[in-house]
Amino acid sequence: GLLYASYEYYAKALSVAEKLKLTDQIAVLNSRLAWTAKQNYKYDVTLKHLEKASSAIKRSKITFPRSIISNTYGAYYFATDDYWKSLLNYHKSYSECLKYDQDFVTPVGNKGNMFLQLGYYKQAIKFCEIALNVLRKKKKHYFSDLLLTTMAESYAALGEYKKSEECLNEIEVSENIKTNKFFSFNIHLFKVNNFVKKRQFSKARDELEIIDNSKSSSDTLTYLAKANMLKAEKLFKKANIAIDKALHLYEKSGALGEK
């Protein structure tokens, strides 16, 4: 849909920039193409554009896309399950934002999420709070729901369920939740998990009823099915790669004997 169309237009613009040898634009457009490709789950294409953007930015004097390139590298490594490299690139993006006086909310929030994935829950909360406080001071709300979700998961992992619920409750009254059905579904599902862990089964049942009632009036399950399908495809691809490697090593060892 729109993402594919966006990619095509960026590609056309890049073709012109390359013919005119506009280094600055080559860096910017490749960074845009990398992000668009990542959103389309085209990770090999993402890496190709990131490498081109990194090469061009070394010859450029502009500062704008440097933090974006590092942040997109972070997103690429996150999507390909290399969490430590993802964290390092998000930190690099954050450092570049500070160096060039740019908005650092996104890379800081992403750092928080990576700490959550790696099991460093207190650090996850710390960095999400830094980003959230900046947004609150500016009276802006973009990215806040994702920050609060990371904090909710981190508090729950630490056994601090009351603080986890406070984060979830703050999300529920936000404007963003009204337009994101999949996000709303996840919040209620996460609350079910919290209540079950606290053995508050009646409250868990209430949350499940909210989810059940939303089935007929929304495309929540369609969103969920798509998300699960993408995860399954990714795992299936990884499994096939692992099987191929295993067979190759097995054959190389001579264990199969004569064919």
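For the numbers below, each heavy atom of this structure counts, side chains included, while hydrogens, waters and symmetry mates do not. If you're wondering where the values come from, they're calculated on a predicted model, not measured in any experiment.
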Practice item. Assign the ring pair Tyr41 / Tyr43 to parallel, tilted or perpendicular, where the plane angle (0 to 90°) is split at 30° and 60°. Key: perpendicular

Review point. Nearest heavy-atom pair of Arg66 and Ile62: which atoms, and what distance?
Key: NE-O, 3.0 Å

Practice item. Check whether any side-chain heavy atom of Asn40 sits under 4.5 Å from a side-chain heavy atom of Val45, and report yes or no. Key: no

Point to revise | Heavy-atom side-chain contact between Ile26 and Glu18 under 4.5 Å | key: yes

Check your understanding: With hydrophobic residues grouped by side-chain heavy-atom distances under 4.5 Å, do Met114 and Met151 end up in a single group?
Key -> yes

Point to revise | Transitive ILVMFWY side-chain link Tyr73 to Ile57, under 4.5 Å | key: yes

Point to revise | Short N-O contact, Arg136 and Glu170, less than 4.0 angstrom | key: yes

Point to revise | Heavy-atom check, side chain of Lys162 versus side chain of Glu166, under 4.5 Å | key: yes

Review point. Can you find a pair of side-chain heavy atoms, one from Asp24 and one from Phe64, that are under 4.5 Å apart?
Key: no

Point to revise | Closest non-hydrogen atom pair, Trp35 against Ala75 | key: CZ3-CB, 3.6 Å

Check your understanding: According to the side-chain hydrogen bond (donor to acceptor under 3.5 Å, both in side chains) rule, which pairs have a member within residues 107-119, sequence neighbours left out?
Key -> Asn71-Asn110, His91-Lys111, Asn113-Gln117

Check your understanding: With hydrophobic residues grouped by side-chain heavy-atom distances under 4.5 Å, do Leu147 and Leu168 end up in a single group?
Key -> yes

**Study point:** Any side-chain heavy-atom pair of Leu47 and Thr80 under 4.5 Å
**Key:** no

Review point. Taking C-beta and beyond as the side chain, do Thr63 and Gln102 meet within less than 4.5 Å on heavy atoms?
Key: yes

Practice item. Please check if any side-chain donor atom of His49 sits under 3.5 Å from a side-chain acceptor atom of Tyr10, or the reverse. Key: no

Check your understanding: Is the OH atom of Tyr83 crowded by more than 12 outside heavy atoms at less than 6.0 Å?
Key -> yes

Check your understanding: Does Ser154 use its side chain to pair, donor to acceptor, with the backbone of Thr150 at less than 3.5 Å?
Key -> yes

Check your understanding: Which pair of non-hydrogen atoms, one from Ala156 and one from Tyr161, has the smallest distance, and what is that distance?
Key -> O-CE2, 3.7 Å

Review point. Do Glu51 and Ser54 come close enough that some side-chain heavy atom pair is under 4.5 Å?
Key: no

Check your understanding: If only atom types and distance count, is the side chain of Ser93 paired as donor or acceptor with the main-chain N or O of Ser67 below 3.5 Å?
Key -> yes

Exercise for review: Could you state whether Leu146 and Phe78 fall into the same hydrophobic cluster, counting links through intermediate Ile, Leu, Val, Met, Phe, Trp or Tyr residues with side-chain heavy atoms under 4.5 angstrom apart?
Suggested key: yes

Check your understanding: Hey, is OH on Tyr9 packed in by over 12 heavy atoms from elsewhere, all under 6.0 Å?
Key -> no

Check your understanding: Is it true that a side-chain atom of Ser15 and a backbone atom of Ala11 form a donor plus acceptor pair closer than 3.5 Å?
Key -> no

Review point. Can you check whether Tyr155 reaches Cys167 side chain to side chain, under 4.5 Å on heavy atoms?
Key: yes

Point to revise | Ser164 versus Ala152, closest heavy-atom pair with distance | key: OG-O, 2.8 Å

Check your understanding: Looking only at heavy atoms, what is the nearest atom pair of Phe104 and Cys97, with distance?
Key -> CB-CB, 3.7 Å

Point to revise | Atom pair OG1/CG of Thr46 and Asn30 - distance to nearest 0.5 Å | key: 11.5 Å

Point to revise | Heavy-atom donor-acceptor pair, Ser31 side chain to Val28 backbone, under 3.5 Å | key: yes

Review point. Linking I/L/V/M/F/W/Y whenever any side-chain heavy atoms sit under 4.5 Å apart, do Ile68 and Leu14 land together?
Key: no

